[in-house]
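Read the structure below first, then the notes.
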Amino acid sequence: MNVLKKRWAAAAAAAAGLVLLTACGSGGSSGGSGGAITLGFAQVGAESGWRTANTKSIQESAKTAGVELKFSDAQQKQENQISAIRSYIQQKVKVIAFSPVVESGWDTVLKEAKTANIPVILTDRAIDSPDKSLYKTFLGSDFIAEGKKAGEWLTKEFGSATGQVNIVELQGTTGSAPANDRKKGFADVIAADPKYKIVASQTGEFTRAKGKEVMEAFLKSQPKIDVLYAHNDDMALGAIEAIEAAGKVPGKDIKIVSVDGVKDALTALADGKINHVVECNPLLGPQLMDLVKKVVAGEQVPARIETQETEFDQASAKAALPQRQY
């Protein structure tokens with residue numbers, strides 16, 4: 001009987017070992033080599049200082065968390081992101097995460113991921129699909145709230161103005177969630193008073209070079225500009241170059257409010273060239289890796305997770321600059 005028990009115990013141990021090897025091996029079921037979780041991340045591009053900081057945060061956090069990261073740069077093209085996501089599905093990664101270039105047109109590829117039982121996490125930017133089952137969660141900012149904060153600063157700054165306040169707007173990438181929402185939030189606030197008028201609004205594609213180019217056009221076409229509202233700091237920084245080249249003083253002749261909070265913008269704010277900055281935090285890496293692990297473990301996660309953010313005036317920009325990471 002003892003011999004039988006020993007044989008049974010040995011067989012059970014061998015079976016347990018086999019199960020363990022299967023679970024932790026490098027096959028498709030593990031989603032990575034050596035048991036590591038594999039994350040396929042499709043980034044928008046490298047259009048701004050904010051995006052560069054966002055990429056760095058994700059790459060460094062993946063290393064720290066022991067997550068095997070497969071990374072692609074879409075160069076601000078939706079078709080490149082869709083190709084990357086399909087590649088990740090073929091590679092049988094464990095989780096797919098991406099920051100959508102635009103809000104629409106994702107249902108087909110996300111249904112393919114769902115069919116392959118690969119969960120999807122949206123970071124930084126949302127999509128407008130009515131089918132919420134196509135992704136597990138959204139991690140990022142409330143862009144409408146950011147636009148409202150910019151509008152609220154403007155209405156306080158020009159509250160006592162008696163004449164029309166002429167505003168030019170540098171929009172982000174056409175069709176993207178931050179461009180749509182930052183425009184809406186800002187417009188909703190200033191609509192309460194007819195003296196605030198957006199006299200020109202055009203995309204600067206979230207880049208410094210395009211922001212400068214479009215601001216040059218605004219300065220030629222608009223005889224009087226009181227305020228520039230830029231959907232991100234890089235466009236505002238490009239616009240400052242155009243304003244100075246036109247012989248005007250940024251921050252005085254034309255007041256400037258922008259969104260992001262990158263170091264260069266806070267420096268411009270400290271120097272008085274920008275008047276107000278609404279923060280949008282790019283350092284999403286640690287939160288993303290935590291979510292990836294929870295999703296793989298089958299844990300429930302909230303449908304929406306928002307990052308904590310603030311606003312900067314000249315004094316708070318000076319205080320924040322020495323420790324600013326991006």
Side-chain angles (χ1 to χ4, degrees), residues 43-55 74-77 99 101-102 124-125 141 143 146-147 149-151 153-154 166-187 198-222 224-280 282 311-312 317 326:
Q43 182 60 286
V44 172
E47 76 280 8
S48 62
W50 190 100
R51 188 64 56 190
T52 303
N54 180 244
T55 291
Q75 299 176 320
Q76 292 176 273
K77 293 178 181 174
S99 296
V101 175
V102 294
D124 170 45
R125 299 180 179 186
S141 306
F143 299 132
E146 290 170 356
K149 287 175 186 175
W153 170 81
L154 177 76
N166 290 342
I167 305 158
V168 294
E169 180 181 33
L170 282 169
Q171 296 180 44
T173 304
T174 303
S176 69
N180 292 345
D181 292 355
R182 286 173 188 164
K183 182 175 182 64
K184 178 178 172 25
F186 183 81
I198 296 174
V199 294
S201 181
Q202 190 176 323
T203 180
E205 297 171 4
F206 283 133
T207 69
R208 200 172 296 205
K210 192 70 176 177
K212 180 182 178 182
E213 180 189 314
V214 176
M215 191 68 201
E216 285 169 348
F218 285 166
L219 287 161
K220 287 173 185 172
S221 65
Q222 300 301 324
K224 180 175 179 282
I225 299 171
D226 300 303
V227 188
L228 162 65
Y229 168 42
H231 287 193
N232 84 337
D233 292 338
D234 277 72
M235 292 189 295
L237 292 162
I240 286 170
E241 294 177 38
I243 292 165
E244 289 177 332
K248 295 181 183 291
V249 182
K252 290 183 180 174
D253 295 335
I254 298 175
K255 299 287 179 80
I256 299 173
V257 56
S258 70
V259 183
D260 271 356
V262 300
K263 204 167 190 176
D264 285 354
L266 295 192
T267 300
L269 178 52
D271 293 341
K273 294 183 178 184
I274 291 178
N275 304 88
H276 196 76
V277 172
V278 177
E279 185 180 44
C280 181
E311 297 175 65
F312 296 96
Y326 55 93

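Heavy atoms only: backbone and side chains are in, while hydrogens, waters and symmetry mates are out. As the structure is a prediction and not an experimental result, all values here were calculated from the model.
For K184, the salt bridge (Lys or Arg N to Asp or Glu O under 4.0 Å) partners at least two apart in sequence or on another chain are D188. Remark: K183 engages E169, S201 in a side chain to side chain donor-acceptor pair (under 3.5 Å) (not counting sequence neighbours). Take D233 and apply the salt bridge (Lys or Arg N to Asp or Glu O under 4.0 Å) test, not counting sequence neighbours, and it matches no residue. In this structure K224 satisfies the salt bridge (Lys or Arg N to Asp or Glu O under 4.0 Å) test together with D226, sequence neighbours excluded. For D181, there are no salt bridge (Lys or Arg N to Asp or Glu O under 4.0 Å) partners, not counting sequence neighbours. Residues passing the side chain to side chain donor-acceptor pair (under 3.5 Å) test with Q75, sequence neighbours excluded: none.
Counting non-hydrogen atoms of other residues, nucleotides and ligands closer than 6.0 Å to NZ of K273 gives a total of 12 or fewer.
The backbone N or O of C280 sits nowhere less than 3.5 Å from a side-chain atom of D260 that would complete a donor-acceptor pair. Put simply, the side chain of T203 gets close to the backbone of E205: a donor and an acceptor are under 3.5 Å apart. A donor-acceptor pair is defined here as one N or O able to donate and one able to accept, closer than 3.5 Å; no such pair exists between the side chain of S176 and the backbone of V102. Between the side chain of W50 and the main chain of N232, no donor-acceptor pair closer than 3.5 Å is present.
In this structure, NE2 on H276 lies 8.5 Å from CG on L269, to the nearest 0.5 angstrom. Here CZ of R208 is found 12.0 Å from CE of M235. Values are rounded to the nearest 0.5 Å. Here OH of Y326 is found 7.5 Å from CG of L266. Values are rounded to the nearest 0.5 Å. In this structure, CD1 on I256 lies 4.0 Å from CD1 on I243, to the nearest 0.5 angstrom. Atom CG of residue L237 and atom OG1 of residue T207 lie 11.5 Å apart, to the nearest 0.5 angstrom. Atom-to-atom distance recorded for D234:CG and E47:CD is 8.0 Å, nearest 0.5 angstrom.
Using a 4.5 Å cut-off on side-chain heavy atoms (C-beta onward), R125 and V44 make contact. The closest side-chain heavy-atom distance from Q43 to S99 is below 4.5 Å. When side chains are defined from C-beta on, L154 does not count as touching V257, because their heavy atoms never get closer than 4.5 Å. A heavy-atom distance below 4.5 Å is found between the side chains of V168 and L228. Residues W153 and V278 are not in side-chain contact: their nearest non-hydrogen atoms beyond the backbone lie 4.5 Å or more apart. When side chains are defined from C-beta on, N180 does not count as touching F143, because their heavy atoms never get closer than 4.5 Å. Side-chain contact between H231 and V259 is absent, with no heavy-atom pair separated by less than 4.5 Å.
Ion pairing of E146 with K149 is absent here, as no side-chain N (NZ or NE/NH1/NH2) approaches a carboxylate O to less than 4.0 Å.
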